[in-house]
Undergrad: 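I have a structure here, written as structure tokens, and I will follow up with some questions on it.
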Amino acid sequence: MPQSKLDSFVSSALKNVGIEEQIGYKIDVPPRREFGDFSTNAAIIAGKKLSRNPLDVAEEIVAALQKIDNLKLIRELKTVKPGFINIFLNDAYIQQSVLEIHKQDHAWGKGDDYKGQKILLEFVSANPTGPLHVGHGRWAVIGDIIGNLFKAVEYSVTKEFYVNNVGNQIEMLIKSIEAAKAGKPTPEGGYGGVYIRDISDKLKEQSSKIKTSGEIIKDIINQQKHVLSNLGIEFDSWFLESQLHEGNKIFAAVQILHDLGKTFEEGGAIWFKSQETGDDKNRVLIREDGRPTYFAADIAYHLDKYNRGFDQIINIWGTDHHGYVGRLKGAIGALGLPVEKFNIIIGQLVTLYRGDEPVRMSKRTGEMVTLQEVIDEIGCDATRFFFAATDVNSHLDFDLELAKKQSNDNPVFYVQYAHARICSILKKSQSLNPKSEQGDIISNLNDPAERRLMLKLLAWPETVKLAAKLRHPHRICEYGKELATEFHHFYEKCRVLGNSARLVLVDASRITLRNVLELLGVTAPESM
RNA sequence: GGGCCCGUAGCUCAAUGGAUAGAGCAACAGAUUUCUAAUCUGUUGGUUGGAGGUUCGAUCCCUCUCGGGCCCGCCA
């Protein structure tokens, strides 16, 4: 597509001015239309490198580009101000590229940049001590879409959910349920809330299949799975912490650290020398009473991930775990594993509001808004789009009132509406115009609105590539909104029915919008 | 006390170091004999928290500062 093609042109033009290496220039869509369809700062950077006037360098690059392209892709080149090169594309090239969209159809936007690389993506990993809440929803959606982005660039992705089904929290859960069953108050540090009562009520029923603590946990996990599936999310792998205990993998991992001289004993406990890796203090691996800590289990878990042979291991964690990042990376390094394969995406938390009032989540009282309630209230599509549309580095204020209220002019509907509108046109065109022919009609697309729409369509593959590289699902949402805007604009300006070239363009828009929504896991309705 | 993230229009958020900082919502004024008005066009709205610095160029990088969120367990 134009941008990647221009990129190869510019990089070979740079050789003509004596720049062979990567200098980190960019090819952008400029802020104003009169600056061209694309622009590059290559001459500015090259000028600095060569200690020459950037404008002179720009002229030379332009001359080289003209020779390379031979007037096929580029209609005009302009050098401006500090040394930008503004690029105007040939209409014919843009028009022909639109035909490419039809050929690629479902593959349109996908690439094979990372073909064959195996990647493990772990996210959500909520404790099986209660229902998923709104906060989990953010990671669920973000993780799922990052997974889709990775697949779009041909990573082989495994989506994994780690279940902490061992430890104090589980014991506390069982105690809380037993207390509720006996009509006693919630124990100190225990869990409250309706779901605890639900479980204890179930336990009282003669017919209930749920009896043991293992079954209680399993039931909670199944409920979590169910909610995720209501959001369109299926994990490839559910990794139970108990597997590590049963397989004796935790002690094995600690043994490796011990053999490498990374542990010591003090106060009856075995410690990891995490201070050597930059931690504030050393951390316990095996407690005084012989039980391993969560940290030890997590080390074993990540060792297991490495042993499964992934090229990249990625975790999505909330910022409440950020302090733990260095420690775990330190342990991985201490094991002699390649730390650079391991990346943790830290996301900011969701603050829930009901109007102006923040809704405090309390474990104790169990006062929380569950993910399922949100899905029930605003629907799967809106929930996904809402969580995906914001950079994970930003705090997200989730106002339930607003989410409900907006459900009618929520951006997701704006994008879906464009798709539905298109389907309606195409349906109508079939009855009016049973044969839509090919040929050179595509060259009739000369209206500015048509051109803008075409250029936006052609930006799709680059958008996917960049979003995958930066792991930024929100860029896909942004693109969806922009494309919908361009389409609606085009629709107002240009009558489609009876115009074969425009029908081709509309169908290309349909394909692109559908692929956008597909990547986001949002339905692409044919009517609304 | 130490660390991580954030601060952009009234509100919710965009902007891979680029050109005159953009959308949606809200407010105001318009557009429908016409392919879906869940749409479009226009107006109002900004010292990018503040002060320095680096750079041809800073919302973005560095230093300081103010404000907000989160973390600093032999919890998970």
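Here is how names work: the chains are called A, B, and so on, in the same order as the sequence lines, proteins then strands, and each is numbered from 1.
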Undergrad: Between the side-chain atoms of A:Asp280 and the base atoms of B:G2, is any donor-acceptor pair under 3.5 Å?
TA: no
Undergrad: Are OP1 or OP2 of B:U16 and a side-chain N or O of A:Arg475 less than 4.0 angstrom apart?
TA: yes
Undergrad: Check every strand shown and say whether A:Gly318 touches a base, only sugar-phosphate, or nothing at a heavy-atom separation below 4.0 Å.
TA: nothing
Undergrad: Give one of base, sugar-phosphate or nothing for A:Glu478, where a contact means two heavy atoms less than 4.0 Å apart.
TA: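 Sugar-phosphate contact only.
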Undergrad: Is there, by distance only and without an angle test, a donor paired with an acceptor across the side chain of A:Asn165 and the base of B:A76 below 3.5 Å?
TA: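 Flag unset: no donor-acceptor pair detected.
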Undergrad: Just by protein heavy atoms under 4.0 Å, how would nucleotides 34-40 of chain B read 5' to 3' in B, S and -?
TA: SBBSBBS
Undergrad: When you compare B:G50 with B:C75, how far apart are their P atoms, in angstrom units rounded to a whole number?
TA: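 Rounded to whole Å, the distance is 45 Å.
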Undergrad: Have a look at A:Lys469 and say if it touches a base, only the backbone sugar-phosphate, or nothing, with a 4.0 Å heavy-atom cut-off.
TA: nothing
Undergrad: Yes or no on side chain to side chain donor-acceptor pair (under 3.5 Å) for A:Gln169 and A:Asn164, after CA distance, side-chain angles and deciding distance?
TA: CA-CA 9 Å; A:Gln169 297 195 179; A:Asn164 303 123; over 6 Å; no
Undergrad: Using a cut-off of 4.0 Å on non-hydrogen atoms, how would the nucleic acid contact of A:Arg283 be classed: base, sugar-phosphate, or nothing?
TA: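 Sugar-phosphate contact only.
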Undergrad: When the ring centroid of A:Phe413 is compared with that of A:Phe385, is the distance short of 6.0 Å?
TA: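 Between A:Phe413 and A:Phe385, the centre distance exceeds or equals 6.0 Å.
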Undergrad: Under 4.0 Å, counting only non-hydrogen atoms across every strand here, what does A:Pro31 touch: a base, just sugar-phosphate, or nothing?
TA: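 Base, at least one base atom sits under 4.0 Å.
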Undergrad: If the C1' atom of B:U43 is compared with that of B:C5, how far apart are they to the nearest Å?
TA: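 The same atom, C1', in both gives a distance of 37 Å.
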Undergrad: Say you pick atom C1' in B:G53 and the same atom in B:C60; how far apart are they, in whole Å?
TA: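 To the nearest whole Å, 15 Å.
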Undergrad: Within the structure shown, what part of the strands sits under 4.0 Å from A:Ile286 by heavy-atom distance: base, sugar-phosphate, or nothing?
TA: nothing
Undergrad: Categorize A:Phe295 for me: base, sugar-phosphate, or nothing, with a 4.0 angstrom heavy-atom threshold over every strand shown.
TA: nothing
Undergrad: For A:Ile27, report the nucleic acid contact type (base, sugar-phosphate, nothing); a contact means any heavy atom under 4.0 Å.
TA: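 Base contact - A:Ile27 has a heavy atom under 4.0 Å of at least one base atom.
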Undergrad: Find the partner of B:U63: check Watson-Crick (N1-N3 plus N6-O4 or O6-N4) and G-U wobble (N1-O2, O6-N3) distances, both under 3.5 Å, and reply none if neither fits.
TA: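 By the stated definition (distances under 3.5 Å), B:A51 pairs with B:U63.
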Undergrad: Searching all strands shown, indicate the nucleotide that pairs with B:G30 (Watson-Crick or G-U wobble; both distances under 3.5 Å).
TA: B:C40
Undergrad: With sequence neighbours left out, what residues match A:Lys329 under salt bridge (charged side-chain N to carboxylate O under 4.0 Å, His left out)?
TA: none
Undergrad: Considering only atom C1', compute the distance from B:G67 to B:U32 and round it to an integer number of Å.
TA: 49 Å
Undergrad: Taking any heavy-atom pair under 4.0 Å as a contact, classify A:Val166: base, sugar-phosphate, or nothing.
TA: sugar-phosphate
Undergrad: Using a cut-off of 4.0 Å on non-hydrogen atoms, how would the nucleic acid contact of A:Gln416 be classed: base, sugar-phosphate, or nothing?
TA: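 Here A:Gln416 touches no strand at all.
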Undergrad: Is the CD atom of A:Glu21 crowded by more than 12 outside heavy atoms at less than 6.0 Å?
TA: yes
Undergrad: Tell me if the side-chain of A:His395 makes a donor-acceptor pair with the base of B:G68, cut-off 3.5 Å, by modelled atom types.
TA: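 No, no donor-acceptor pair under 3.5 Å.
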Undergrad: Who does B:C25 pair with, Watson-Crick or G-U, both distances under 3.5 Å?
TA: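 B:C25 is paired, partner B:G10.
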Undergrad: Counting side-chain heavy atoms from C-beta on, which of B:G69, B:C70, B:A19 comes nearest to A:Val80?
TA: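 Nearest nucleotide to the side chain: B:A19.
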Undergrad: Between A:Gly267 and A:Asn86, which residue's closest nucleotide on RNA chain B lies nearer the 5′ terminus?
TA: A:Asn86
Undergrad: In whole Å, I'd like the distance from the OH atom of A:Tyr324 to the P atom of B:C75.
TA: 13 Å
Undergrad: With a cut-off of less than 4.0 Å, is there a side-chain N or O of A:Arg287 near OP1 or OP2 of B:G73?
TA: no
Undergrad: Does OP1 or OP2 of B:A15 have a side-chain N or O of A:His474 closer than 4.0 Å?
TA: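 Checking A:His474 against B:A15: at least one side-chain N or O falls below 4.0 Å of OP1 or OP2.
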Undergrad: Taking the minimum atom-to-atom distance to the side chain of A:Pro82, which one of B:G17, B:C56, B:A14 wins?
TA: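 Of B:G17, B:C56, B:A14, B:C56 is nearest to the side chain of A:Pro82.
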Undergrad: Grab the CZ-P distance between A:Arg327 and B:A76 for me, whole Å please.
TA: 12 Å
Undergrad: What's the CD1-C1' distance between A:Ile217 and B:A76, to the nearest Å?
TA: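 After rounding, the reported distance stands at 13 Å.
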Undergrad: Whether the side chain of A:Gln3 engages the backbone of A:Ile27 through a donor-acceptor N/O pair (distance < 3.5 Å, no angle test) should be reported.
TA: yes
Undergrad: Return the value, rounded to whole Å, for the distance between atom OH of A:Tyr191 and atom P of B:A76.
TA: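 From A:Tyr191 OH to B:A76 P: 11 Å.
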Undergrad: In this structure, how many angstroms lie between the P atom of B:G73 and the CG atom of A:Asn168, rounded?
TA: 16 Å
Undergrad: On RNA chain B, does the nearest nucleotide to A:Gly268 precede the nearest nucleotide to A:Leu396 from the 5' side, or the other way round? Give the residue.
TA: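 Nearest nucleotide further toward 5': that of A:Leu396.
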Undergrad: When you compare B:G73 with B:U12, how far apart are their P atoms, in angstrom units rounded to a whole number?
TA: 33 Å
Undergrad: Quote, to the nearest angstrom, the P distance that separates B:C6 from B:A14.
TA: 11 Å
Undergrad: For B:G73, which nucleotide in any strand shown is its Watson-Crick or wobble partner with both distances under 3.5 Å?
TA: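 In the structure as shown, B:G73 has no Watson-Crick or wobble partner.
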Undergrad: Please determine, for the side chain of A:Ser394, which listed nucleotide (B:C70, B:A76, B:A14) has the closest atom?
TA: B:A14
Undergrad: Can you measure A:Lys26 atom NZ to B:A15 atom P for me and round it to whole angstrom units?
TA: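 Going from A:Lys26 (NZ) to B:A15 (P), I get 13 Å.
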Undergrad: Within the structure, does a side-chain N or O atom of A:Asn164 lie under 4.0 Å from either OP1 or OP2 of B:A76?
TA: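 The answer is no; no side-chain N or O of A:Asn164 sits under 4.0 Å from OP1 or OP2.
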Undergrad: Taking the P atom in each of B:C56 and B:U39, what is the distance between them to the nearest angstrom?
TA: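 Each nucleotide's P atom is 46 Å from the other's.
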Undergrad: Does A:Ser39 get its side chain close enough to the base of B:A19, under 3.5 Å, for a donor-acceptor pair?
TA: yes
Undergrad: Between B:C40 and B:A21, how far is it from one P atom to the other, in whole Å?
TA: 24 Å
Undergrad: Any idea which of B:A19, B:C56, B:G73 is nearest the A:Lys48 side chain?
TA: B:C56
Undergrad: So, A:Tyr301 and A:Glu160: side-chain donor and acceptor under 3.5 Å apart, yes or no?
TA: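 The criterion, which ignores hydrogens and geometry beyond distance, is satisfied for A:Glu160 and A:Tyr301.
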Undergrad: Report yes or no: is the cationic atom of A:Arg421 (NZ for Lys, CZ for Arg) closer than 6.0 Å to the six-membered ring centre of A:Tyr491, at no more than 45° off its axis?
TA: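 The answer is yes; both the distance and angle limits are met.
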Undergrad: Let me know the distance between CG of A:Leu349 and P of B:G7, rounded to the nearest Å.
TA: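 That distance rounds to 15 Å.
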Undergrad: Is A:Glu478 paired with A:Lys481 through a side-chain N to carboxylate O contact shorter than 4.0 Å?
TA: yes
Undergrad: Does A:Gln275 have more than 12 heavy atoms from other residues, nucleotides or ligands lying within 6.0 Å of its CD?
TA: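 It does: A:Gln275 CD has more than 12 such atoms within range.
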Undergrad: Checking base pairs now: Watson-Crick or wobble, both atom distances under 3.5 Å. What partners B:G18?
TA: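 Check on B:G18: paired to B:C56, both distances under 3.5 Å.
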Undergrad: Atom CG in A:Leu285, atom CD in A:Glu265: separation rounded to 0.5 Å?
TA: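 With rounding to 0.5 Å, CG (A:Leu285) is 11.5 Å from CD (A:Glu265).
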Undergrad: Return the pairing partner of B:C35 with a 3.5 Å limit on both distances, Watson-Crick or G-U wobble; otherwise return none.
TA: none
Undergrad: Select base, sugar-phosphate, or nothing to describe what A:Asp391 touches, counting heavy atoms under 4.0 Å on all strands.
TA: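 Counting heavy atoms under 4.0 Å across all strands, the contact made by A:Asp391 is with sugar-phosphate only.
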Undergrad: What integer distance in Å separates A:Asp56:CG from B:C56:C1'?
TA: 15 Å
Undergrad: Under 4.0 Å between a Lys/Arg side-chain N and an Asp/Glu carboxylate O for A:Asp304 and A:Lys249?
TA: yes
Undergrad: Around atom NZ of A:Lys49, are there more than 12 heavy atoms of other residues, nucleotides or ligands at under 6.0 Å?
TA: no
